[in-house]
Amino acid sequence: MIIVLKRYSIALLALSFVILLMLGGTLAVKSFGDKMFKDTNITITPKGIHI
């Protein structure tokens, strides 16, 4: 198991960096969207769902 981790350590580090970057980007876009619609009186509802 240690040999496998040594062999793929750079790939695992790069993969974890990409995952963290994607998570940070998603949270930043959500934060930006929430901030943009905060002071307006717009409620966003999904279309096509009739309850």
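Please read all numbers here as calculations on a predicted model, not as lab measurements. FYI, the numbering just counts along the sequence from 1.
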Distance in Å, Ile10 CD1 paired with Leu15 CG, rounded so as to fall on 0.5 Å steps: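 Rounded to the nearest 0.5 Å, the CD1-CG separation comes out at 13.0 Å.
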Interatomic distance, Ile19 atom CD1 to Phe17 atom CZ [nearest 0.5 angstrom]: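 Reported value, rounded in 0.5 Å steps: 12.0 Å.
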Side-chain donor or acceptor of Ser31 paired with backbone N/O of Leu27 under 3.5 Å: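 Such a contact is absent between Ser31 side chain and Leu27 backbone.
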Over 12 foreign heavy atoms within 6.0 Å of CE, Met22: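 Atom CE in Met22 is not packed in, count stays at 12 or less.
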